[in-house]
Amino acid sequence: MIDTPYLEVDVDRMTRNLASLADRARSIGVELRPHAKTHKCAEIARMQVDLGATGLAVATIGEAEAFADAVEITSCTDIFIAYPIWPTPAKAARVRALANRLSLRVGIDSVEGARHLGALLGEQRIEALVEVDSGQHRTGTAPERAGEVAAAGVAAGLDVVGVFTFPGHGYGVGDTRRRAAEQEVAALRTAAESLRAEGIEPRVRSGGSTPTIEFVGDPSYAGVLTEIRPGVYPLNDAQQVEIGACGFDDVALTAVATVVRSEPGRIVVDAGSKILGADRAAWATGHGRLLDHPDARVVQLSEHHAVVEFPAESASIPRLGDVIRVVPNHVCNAVNLVDELVAIDGSDSRWPVIARGRNS
């Protein structure tokens with residue numbers, strides 16, 4: 001028996017999630033490039049590649065290096081750093097080294113950034129995608145200026161092959177996901193035309209997030225996206241349940257915790273923010289959920305305590321010493337807090353979180 005708390009993966013559920021989206025991507029004619037910052041595990045990456053993923057997306061050079069080092073497990077030799085890198089000479093050297101080991105793409109989102117990256121990479125010709133802002137207002141140039149950035153990239157020696165966006169504002173309730181998906185496709189369509197106006201064919205038009213991929217098959221998407229980059233979908237989390245992107249039956253990762261205090265309508269477990277993560281969106285109804293008690297809510301979170309409240313009509317609640325499964329709000333953050341995942345696959349395998357903490 002493993003001492004709690006720890007993160008556990010239901011491999012059967014995860015495999016179902018992986019196969020379902022891989023089939024969907026094939027059926028609608030888009031490539032699937034999962035964002036590996038969610039799971040950070042070579043074993044999960046290998047399953048995604050085996051099911052037809054064209055490669056992986058990552059957030060940092062460090063994550064790319066971790067998966068490049070694990071190529072014998074993952075069989076993945078195609079990585080996109082979906083981030084507008086502003087490299088130091090040391091980071092540029094790392095990018096060049098990666099490009100010598102595998103097929104590498106990077107993000108750019110400004111004329112200055114494209115010129116700076118190209119100058120530091122020298123004669124190393126690397127593929128780049130122009131990031132555009134589709135409504136999240138984080139990184140990304142205005143879609144109508146994508147061609148200007150792309151032209152600067154080409155002049156700086158980059159091989160600009162298309163555009164990408166992240167509809168991160170699709171995290172929300174109501175019709176938030178659909179509206180974000182509509183803005184995503186509109187931004188990519190405008191950005192693609194902006195590149196064409198500069199004589200650059202955007203053969204890659206990359207988007208998609210776990211909250212918005214439900215709408216990728218809509219007629220309005222036809223001919224716009226060529227690639228999707230969802231990250232959370234293999235494992236899912238409480239946020240995805242609350243916004244309607246999945247159900248509890250689709251949640252494949254939980255924090256296994258022990259009840260350390262129990263009283264009517266309320267328990268405390270030994271999984272706090274150092275295992276669950278501290279994320280809580282403004283629209284979230286708690287700091288996490290219980291997989292086997294969907295109506296319960298984590299109402300208070302400390303470093304090593306989670307306080308869970310149950311509705312008054314609950315017939316029974318877990319007792320002192322019971323082991324329960326808590327669904328983190330944000331799986332990406334939870335995974336980054338542990339060294340390994342316990343895979344429930346008949347042999348309780350341990351999967352190292354190889355890209356944990358690779359933030360630069």
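All values below come from the heavy atoms of this structure, side chains included, with hydrogens, waters and symmetry mates left out.
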Does any part of the side chain of [Y], heavy atoms only, come nearer than 4.5 Å to the side chain of [X], both counted from C-beta?
X	Y	answer
Ser262	Ile317	yes
Phe80	Val204	no
Ile228	Glu31	no
Val323	Val256	yes
Glu242	Arg289	yes
Asn333	Pro328	no
Val308	Val326	no
Leu117	Pro87	yes

Does the [X] side chain pair with the main chain of [Y], one donor and one acceptor, at a distance under 3.5 Å?
X	Y	value
Arg261	Arg266	no
Thr190	Ala187	no
Asp270	Thr258	yes
Ser20	Asn17	no
Thr165	Val132	yes
Arg356	Val335	no
Asp133	Gln136	yes
Asp10	Ala252	no
Asn336	Gly357	yes
Thr4	Ala257	no

Of the non-hydrogen atoms in [X] and [Y], which two are nearest, and what is the gap between them?
X	Y	answer
Asn329	Gly286	ND2-O, 2.9 Å
Ala238	Val327	N-CG1, 3.4 Å
Glu131	Pro84	OE1-CD, 3.4 Å
Leu195	Pro202	CD2-CB, 3.9 Å
Ile344	Glu8	CG1-CG, 3.2 Å
Ala306	Leu276	CB-CD1, 4.3 Å

Legend entry - Stepwise side chain to side chain contact (heavy atoms under 4.5 Å, CB included) check, Leu225 with Glu184: CA-CA 10 Å; Leu225 271 79; Glu184 171 192 17; 3.9 Å; yes
One thing to verify: whether [Y] and [X] come together as a salt bridge, which I'm taking to mean a side-chain N less than 4.0 angstrom from a carboxylate O.
X	Y	result
Arg16	Asp12	no
Glu43	Arg46	no
Lys274	Glu303	yes
Arg101	Asp69	yes

Rounded to the nearest 0.5 Å, what's the gap from [atom1] on [X] to [atom2] on [Y]? Could you check?
X	Y	atom1	atom2	answer
Thr254	Leu7	OG1	CG	8.0 Å
His35	Phe166	NE2	CZ	7.5 Å
Asp339	Tyr6	CG	OH	16.0 Å
Thr226	Arg33	OG1	CZ	9.5 Å
Ile85	Ile61	CD1	CD1	4.5 Å
Phe215	Arg177	CZ	CZ	4.5 Å

Does [X] have more than 12 heavy atoms from other residues, nucleotides or ligands lying within 6.0 Å of its [atom1]?
X	atom1	answer
Arg145	CZ	no
Glu263	CD	yes
Asp3	CG	no
Tyr83	OH	no

Inset, instruction - Would you check, one step at a time, whether the test side chain to side chain contact (heavy atoms under 4.5 Å, CB included) holds for Ser360 with Arg94? - result: CA-CA 11 Å; Ser360 66; Arg94 292 165 65 193; 3.8 Å; yes
Inset, instruction - Take Val154 and Glu198, measure what side chain to side chain contact (heavy atoms under 4.5 Å, CB included) needs, and give me the verdict at the end. - result: CA-CA 10 Å; Val154 171; Glu198 296 287 343; over 6 Å; no
Legend entry - salt bridge (Lys or Arg N to Asp or Glu O under 4.0 Å) partner of Glu227, the single match among Arg205, Arg203, Arg105: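 Going through Arg205, Arg203, Arg105 one by one, the salt bridge (Lys or Arg N to Asp or Glu O under 4.0 Å) with Glu227 is satisfied by Arg105 alone.
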Verify the distance criterion only: is there a donor paired with an acceptor across the side chains of [X] and [Y] at less than 3.5 Å?
X	Y	value
Gln48	Tyr233	yes
Thr285	Arg297	yes
Asp250	Asn236	no

Do [X] and [Y] sit in the same hydrophobic cluster, where Ile, Leu, Val, Met, Phe, Trp and Tyr count as joined when their side-chain heavy atoms come under 4.5 Å apart?
X	Y	answer
Trp351	Val58	yes
Val259	Ile275	yes
Phe67	Met47	yes
Phe310	Leu291	no
Val216	Ile243	yes

Inset, instruction - Dump the intermediate steps for salt bridge (charged side-chain N to carboxylate O under 4.0 Å, His left out) on Glu193 and Arg196, then the final yes or no. - result: CA-CA 5 Å; Glu193 289 306 315; Arg196 292 188 180 106; 2.7 Å; yes
Legend entry - Geometric class of the Trp86/His116 ring pair [parallel <30°, tilted 30-60°, perpendicular >60°]: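 Rings of His116 and Trp86: parallel, under 30°.
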Legend entry - Step-by-step side chain to side chain contact (heavy atoms under 4.5 Å, CB included) determination, Leu235 to Asp237: CA-CA 7 Å; Leu235 303 172; Asp237 55 26; over 6 Å; no
